[in-house]
Number of protein chains: 2
Amino acid sequence: MLNTNAYKAIAHPIRRDILKRLRSGPKTAGELAKEYDISKPSLSSHFSILKDSDLVFTRRDGNHIYYNLNLTVANEVLSALMDLFGIEKET
Amino acid sequence: MLNTNAYKAIAHPIRRDILKRLRSGPKTAGELAKEYDISKPSLSSHFSILKDSDLVFTRRDGNHIYYNLNLTVANEVLSALMDLFGIEKET
DNA sequence: ATTCTAATTAGTTTTTTTTCTAAATAGAGT
DNA sequence: ACTCTATTTAGAAAAAAAACTAATTAGAAT
């Protein structure tokens, strides 16, 4: 069953943008921070919300923490929405 | 292009529940109101957010206003999320 | 052990969302 | 025209989310 925090996670434009950037592979908080005109703590809070949703997970490599998109959960979000809307996956 | 209000629309559990109930056909505000322990104005505000997202549209029939699920927009939400996550629709 | 870099936590303020009660509107039916 | 039912609008209060600065933690590297 889907963690409903996922709906909250995708509700904010910055978090959606982060997810989009993670499609192409893991990024550090610092790399992502460059893209947004927002304080680091605010961004950290967005990361935290993304982690709570399980849409992203982290891995530390030395000094850096890499954010990764969890595609399994991403697929679960899609499935849950298809169910919500009563839309069938074509066979 | 998707109305980003749709992300906001699905962020609240009551609004998701309303969408789910509309799968089976149009419902009046009154019918839906029975399902939730919340004041009518609060629910009306949820309806308004759903309408802003274009996920639902209304049709008046006499004294009743029927809420309908807009499946076209529902599909657009799914497409937008597939794009966001970089998930391909299988052919 | 100190220092450097990366990122988070603490605490607060601002903004947005959700909720409420009371009043108003829209249309149907008498 | 009045009245009844269904729903929304107005205005205010409460709750939740998002933002900031300052301080802290975690680990790497000297």
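Every chain is numbered from 1 and lettered A, B, ... according to where its sequence line falls, protein lines coming before strand lines. Atoms considered below: every heavy atom in the structure, side chains included; atoms not considered: hydrogens, waters and symmetry mates.
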(request) Send over the distance from Ile14(A) CD1 to dT15(C) P, rounded to a whole Å. (result) 16 Å
(request) Can you figure out which of dA22(D), dT8(D), dT18(C) approaches the side chain of Phe47(B) most closely? (result) dT8(D)
(request) For dA19(D), take OP1 and OP2 only and decide whether either is under 4.0 Å from a side-chain N or O of Ser42(A). (result) no
(message) Less than 4.0 angstrom between a side-chain N/O of Lys51(A) and OP1 or OP2 of dT8(C), yes or no?
(response) yes
(message) Taking the minimum atom-to-atom distance to the side chain of His46(A), which one of dA18(D), dT21(D), dT7(D) wins?
(response) dA18(D)
(request) Go through the side-chain N and O atoms of Ser42(B) and Ser39(B) and say whether any donor and acceptor fall under 3.5 Å apart. (result) yes
(request) Remember a base hit wins even if backbone is also touched, and classify Thr28(B) as base, sugar-phosphate or nothing at under 4.0 Å, heavy atoms. (result) sugar-phosphate
(request) Return no unless some side-chain N or O of Arg15(A) is found under 4.0 Å from OP1 or OP2 of dA18(D). (result) yes
(request) On DNA chain D, check which nucleotide each of Ser45(A) and Tyr66(B) is closest to and give me the residue with the more 5' one. (result) Tyr66(B)
(message) Strictly below 4.0 Å, N to O, side chains only: are Asp83(B) and Lys89(B) in salt-bridge contact?
(response) no
(request) Under 4.0 Å between any heavy atoms, over every strand shown, what does Tyr67(B) touch: base, sugar-phosphate, or nothing? Just pick one. (result) sugar-phosphate
(message) Tell me the interatomic distance from Asn63(B), atom CG, to dT3(D), atom C1', rounded to whole angstroms.
(response) 12 Å
(request) Among the candidates dA19(D), dT7(D), dA7(C), find the nucleotide nearest to the side-chain atoms of His12(A). (result) dA19(D)
(request) Name the nucleic acid region contacted by Ile49(B), choosing base, sugar-phosphate or nothing; use a 4.0 angstrom heavy-atom cut-off, strictly under. (result) sugar-phosphate
(request) Nearest 0.5 Å please: distance from the CD1 atom of Ile18(A) over to the NZ atom of Lys27(A). (result) 12.0 Å
(request) Identify whether any heavy atom of Ile38(B) sits under 4.0 Å from a base atom; if not, whether one sits that close to sugar-phosphate; answer base, sugar-phosphate or nothing. (result) sugar-phosphate
(message) Would you say Ser39(A) places a side-chain N or O within less than 4.0 Å of OP1 or OP2 belonging to dA19(D)?
(response) no
(request) For Arg60(A) and for Lys40(A), find the nucleotide of DNA chain D with the closest heavy atom, then tell me which residue's nucleotide is more 5'. (result) Lys40(A)
